Colleague: 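Questions regarding the structure given below will be posed in turn.
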Amino acid sequence: MIRPMRVGRHEVPISNPDKPFFPEVGLTKGDLVRYYLDVAECALPHLRRRPFHMVRYPNGVDGEFFHQKRVPKHPDFVGEQFVRFPSGHTTLFAVIDNAAALAWVINLGCIELHTWHSRIDDIERPDYMLIDLDPTTGDQWHHVREIALVVREVLDELGLASYPKTSGATGLHVLVPIRPQIRFPDVRRFAKAVAEEVERRVDDQDVATTTWRVAERRGVFVDFGQNARDRTIASAYSVRPTPDARVSAPLRWEEVPDVDPAAFTVRTMPARIAEVGDATVGMWRRKAVLAPRFERLGLEPPSL
DNA sequence: GTTAGTA
DNA sequence: TACTAACAACGCACC
DNA sequence: GGTGCG
Ligand SMILES: [Mn+2]
Ligand SMILES: [Mn+2]
């Protein structure tokens, strides 16, 4: 069964809108599309003009999933971006610039929104740096909150504005919007220095670590490696494939010390936006110039 | 979920 | 018409 | 070069 949905001046066919996508909380595929259209205005500024990496769950959160980079045949309102890899492989990614395109990828079974860190205006230069906090065990959320505040402190001292959000899975993301002037490897090198400074300040390997080997890891992983080409994160307001339909929730820093990531779901997020607004407003108008900060971390300057 | 390929 | 298979393959650290 | 990792 196909239900055509009107989205602005476009019509998007939604197949099987009544298919259960989150059976544990009674949400259907149609509910998921409605959620994304509800929050589209907040979510789109984070998606626009970025290569969109599809992770598809055509049978909902309990079904099989697969990755798909190449965009299938699509309506005109879905954008596209050609990318060449060092291996010689090439891919035509989807680009989600409007609510109709968003609804279109949700219909394909994309529960999550995964995007590159760069925009198509300069595909090789990210417009944010990311510190990704990944708990090693299931009982470290209190450490995540504490470490996030140290991340903020380090970034503050560098004069960098930062924006926290729950990942919606187990961890937390801190984003620093930057002008797209530095290539992926140099942004990653910068993030590494920040992560290692955070690790030093926490000074407890049971709390925060940059140790790469999982077997030797105890504390929360301060993951700087996510700042690389062809790596993605679930963007702000993305739903995650969890049984309770959790979403990646942008936070104000004052909320971080006692935030509970389970509080933000497909059911609760629209009301939160109505009540407290979008914590990322203005974020993309505060892009920092990263190059002069390399020296302050004792790093060689970035190459062009 | 959709398309392309095969029988 | 019916069935099936494909749908990613990076970028880096470390040994 | 092969493996681990996200
Ligand atoms: Mn993470
Ligand atoms: Mn990670």
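Computed from a predicted model, the values in this text were never measured in an experiment. In what follows, every chain begins at residue 1, and chains take the letters A, B, ... in the order their sequences are listed.
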Colleague: Atom CG of Asp223(A) and atom P of dG4(D): how far apart are they, to the nearest Å?
Modeller: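 In whole Å, dG4(D) P lies 18 Å from Asp223(A) CG.
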Colleague: Within less than 4.0 Å of OP1 or OP2 of dC10(C), is there a side-chain N or O belonging to His89(A)?
Modeller: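 Yes.
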Colleague: Roughly how many Å is it from NE2 in His67(A) to P in dA6(C), rounded to a whole number?
Modeller: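 After rounding, the reported distance stands at 17 Å.
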Colleague: Starting from P on dA8(C), measure out to CG on Leu108(A) and report it in whole angstrom.
Modeller: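 Checked: the CG to P distance equals 13 Å.
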Colleague: Provide the distance between the two C1' atoms, one in dG6(D) and one in dA8(C), to the nearest whole Å.
Modeller: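 Rounded to whole Å, the distance is 14 Å.
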Colleague: Which part of the nucleic acid does Lys29(A) contact within heavy-atom distance under 4.0 Å: base, sugar-phosphate only, or nothing?
Modeller: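 If one applies the 4.0 Å heavy-atom cut-off, Lys29(A) turns out to touch the sugar-phosphate alone, with no base involved.
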Colleague: Mind checking the P distance from dC5(D) to dA9(C)? Whole angstroms is fine.
Modeller: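 Their P atoms lie roughly 23 Å apart.
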Colleague: Does Thr211(A) make a side-chain N or O approach to OP1 or OP2 of dC14(C) shorter than 4.0 Å?
Modeller: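 For dC14(C), OP1/OP2 do not have a side-chain N/O of Thr211(A) under 4.0 Å.
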Colleague: Take the protein atom NZ of Lys19(A) and the nucleotide atom C1' of dT2(B), then report the distance between them rounded to whole Å.
Modeller: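 It is 12 Å, rounded to the nearest whole Å.
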Colleague: Are a donor atom and an acceptor atom from the side chains of Thr115(A) and His46(A) found within less than 3.5 Å of each other?
Modeller: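 No donor-acceptor contact under 3.5 Å links the two side chains.
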Colleague: OP1, OP2 of dG6(D) versus side-chain N and O of Arg217(A): anything below 4.0 Å?
Modeller: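 Looking at the OP1 and OP2 atoms of dG6(D), one of them is under 4.0 Å from a side-chain N or O of Arg217(A).
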Colleague: Tell me if a side-chain donor or acceptor on Arg217(A) pairs with a main-chain N or O of Trp212(A) at a distance below 3.5 Å.
Modeller: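 Yes; at least one donor-acceptor contact below 3.5 Å.
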Colleague: How many whole angstroms separate atom CE of Met54(A) from atom C1' of dC10(C)?
Modeller: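 Value for this atom pair: 17 Å.
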Colleague: Classify the side chain of Arg213(A) and the base of dG4(D) as holding, or not holding, a donor-acceptor pair under 3.5 Å.
Modeller: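 Result: no qualifying N/O pair found.
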Colleague: Distance criterion of 3.5 Å, no angle test: do you see the side chain of Arg56(A) paired donor-to-acceptor with the base of dG1(B)?
Modeller: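 It does, because a donor-acceptor pair links the side chain of Arg56(A) to the base of dG1(B) below 3.5 Å.
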Colleague: Quick one: Arg189(A) CZ to dG11(C) C1', roughly how many Å, whole number?
Modeller: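 It works out to 16 Å between those atoms.
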Colleague: How many whole angstroms separate atom CG of Asn59(A) from atom C1' of dT2(B)?
Modeller: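 Spelled out: CG on Asn59(A) to C1' on dT2(B) is 12 Å.
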